[in-house]
Amino acid sequence: MARKNIEPSTILLNRLILLFVCFVSCGLVYVFLSAVTRSGSVSEFRNIGSTLDLVGEKNVGGCCRGIENLELWGSAVKWGSEFKFNTSEECCNSCKSMCTGKDGPCLCDTWVFCGNREACGSKFGECWLKKQKDSLAPERQEEGPNGEIISWTSGLIFGKGEGIIGLETEHGTLHIKLFPHCAPHTVSYILELLPMRHCAGCQFYRAESRGQSWDSEGNHIKNAGFGPPFALIQGTLEAQGTPFNKLPVEDCPILRRGSVALIGPGPEFFISLADHSEWKQEYTVFGSVLPEDMNVAEKIATLPTLPDVWNNVNVTVLKKPVPFLLRRIKKNNQD
């Protein structure tokens, strides 16, 4: 009997097996590539998120804040009935945009926004831009004629040569540029103190030099410690006989040489003689000493002191506290 020819069947079977192996291989490759692609997409998304977070941190200094339930008056530069926004920050920035040059002078120094949809009604979103006769003594209304709560939010913008006050001491005057757009409540309190002829109780009582940790420009010296001494002069802004209400924590950027910052809710404050990036961002910075006046702060820091310990921290306090008066500074075109 002749042997049956099985080669065509064998070839067909081999081809089917090869085809099956190819399908399985392609499937495995697809699963692998899909996993890699999804992993890459997640990684890319996270990188974008990180980048946005960093950009946000860099823009902290561009704050634009106001005080709720407050209406500041003044001559209208733009009428809110024809000028509307969705947020108070947009209204504030529109006022800022009316400053020319790096810091002013400003055609607008006051913004008033109605952001409570229920209370504002048809006025919701209105943004009034105004100009004060005296930006250091703005006209204000904190309640309606019948005692009702004001539905407006208001803020100040100080341009070039504006918003400068003086802390007058026997060692010289510290000229300070105020930041109402970042610390409106704190600046409002400072403006309330300005009309007082004497600020009894306002004084510096702690003084610490830059030591060997920071150079003359406030830069931290490599491999040096961070104090003590801590490169600052500290004092109080509480006037005797005047009730003090705790202030809210406001904008807390990294402290730089010349920063004037509130400690907690106040009235204690300090002037930084150096950059303090090592400190937590927990101090409300409401102004900055003009660079040409930092020598006055440095002079106070070299006055005779006594050692003390506060909460297990070594500090130095002035043997003789340095009182100061708050003074209005005549407006000029340089600051």
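- Remark: Trp279 CH2 is packed, more than 12 non-hydrogen atoms of other residues, nucleotides or ligands lying under 6.0 Å away.
- Side-chain contact between Leu191 and Pro138 is present, with at least one heavy-atom pair separated by less than 4.5 Å.
- Relative ring orientation between Phe244 and Tyr189 is described as perpendicular, the plane-to-plane angle rising above 60° on a 0-90° scale split at 30° and 60°.
- When only modelled atom types and interatomic distance are considered, Arg140 and Ser188 share a side-chain donor-acceptor pair under 3.5 Å.
- Glu68 CD to Ile149 CD1: the interatomic distance, rounded to the nearest 0.5 Å, is 11.0 Å.
- Inter-residue side-chain proximity for Met196 and Thr242 is flagged as met; some heavy-atom pair is nearer than 4.5 Å.
- The distance from atom CD of Glu208 to atom OG1 of Thr316, rounded to the nearest 0.5 Å, is 3.5 Å.
- The SG atoms of Cys91 and Cys127 lie less than 2.5 Å from each other.
- Applying the disulfide bond (SG atoms under 2.5 Å apart) test to every pair with at least one member in residues 260-314, sequence neighbours left out, gives no pairs at all.
- Of the possible donor and acceptor atoms, none in the side chain of Asn311 sits under 3.5 Å from a partner among the backbone N and O of Val313.
- Ring geometry for His276 against Trp214 counts as perpendicular: the plane angle is over 60°, on a 0 to 90° scale with 30° as the lower cut.
- Considering Trp79, Phe113, Trp152 in turn, Trp152 is the only one that fulfils the side-chain contact (heavy atoms from CB on, under 4.5 Å) rule with Glu126.
- Of the inter-residue distances, the one linking Lys320 atom NZ with Leu303 atom CG reads 9.5 Å to the nearest 0.5 angstrom.
- Taking the six-membered ring for Trp, Phe204 and Phe269 have ring centres closer than 6.0 Å.
- Between His220 and Asp275, every side-chain heavy-atom pair lies at or beyond the 4.5 Å cut-off.
- When side chains are defined from C-beta on, Ser272 does not count as touching Arg256, because their heavy atoms never get closer than 4.5 Å.
- Each side-chain hydrogen bond (donor to acceptor under 3.5 Å, both in side chains) pair with one or both residues in residues 107-116, not counting sequence neighbours, appears once here: Thr110-Gln132.
- Crowding of Glu118 atom CD: a count of heavy atoms from other residues, nucleotides or ligands under 6.0 Å not exceeding 12.
- Note on Leu247 and Tyr283: separate hydrophobic clusters, where clusters join Ile, Leu, Val, Met, Phe, Trp and Tyr whose side-chain heavy atoms are under 4.5 Å apart, directly or indirectly.
- Taking CG of Leu326 as the reference point, atom CD of Glu168 lies at 10.0 Å (rounded to 0.5 Å).
- The hydrophobic clustering, which links ILVMFWY residues whose side-chain heavy atoms are closer than 4.5 Å, places Trp310 and Leu232 together.
- Atom CD of Glu192 is surrounded by more than 12 heavy atoms from other residues, nucleotides or ligands within 6.0 Å.
- Applying the 6.0 Å contact sphere to NZ of Lys123 captures no more than 12 heavy atoms from other residues, nucleotides or ligands.
- Formation of a donor-acceptor pair under 3.5 Å by the Lys177 side chain with backbone atoms of Glu162 is found in this model.
- In this structure, CD in Glu71 is found 11.0 Å from OG1 in Thr153, a value given to the nearest 0.5 Å.
- Counting heavy atoms from C-beta on, the side chains of Glu298 and Leu273 come closer than 4.5 Å.
- Every residue two or more places apart in sequence or in another chain that forms a side chain to side chain donor-acceptor pair (under 3.5 Å) with Thr87 is listed here: Glu90.
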>> I'd like to know whether Cys92 forms a disulfide (SG to SG under 2.5 Å) with Cys95, so could you lay out the CA-CA distance, the side-chain angles of the two residues, the decisive distance to 0.1 Å, and finally the verdict.
In response: CA-CA 5 Å; Cys92 173; Cys95 185; over 6 Å; no
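- The closest side-chain heavy-atom distance from Glu282 to Val249 is not below 4.5 Å.
- Put simply, the side chain of Ser209 never gets that close to the backbone of Thr302: no donor and acceptor are under 3.5 Å apart.
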> Are Lys130 and Leu72 close enough, and set up right, to give a side-chain contact (heavy atoms from CB on, under 4.5 Å), and what steps lead you there?
Replying inline: CA-CA 9 Å; Lys130 304 178 181 181; Leu72 292 177; 5.8 Å; no
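- Note: Phe85 and Phe83 have perpendicular aromatic rings, judged against thresholds of 30 and 60 degrees for the angle between ring planes.
- We find the CG-CG distance between Leu178 and Leu194 to be 8.0 Å, quoted to the nearest 0.5 Å.
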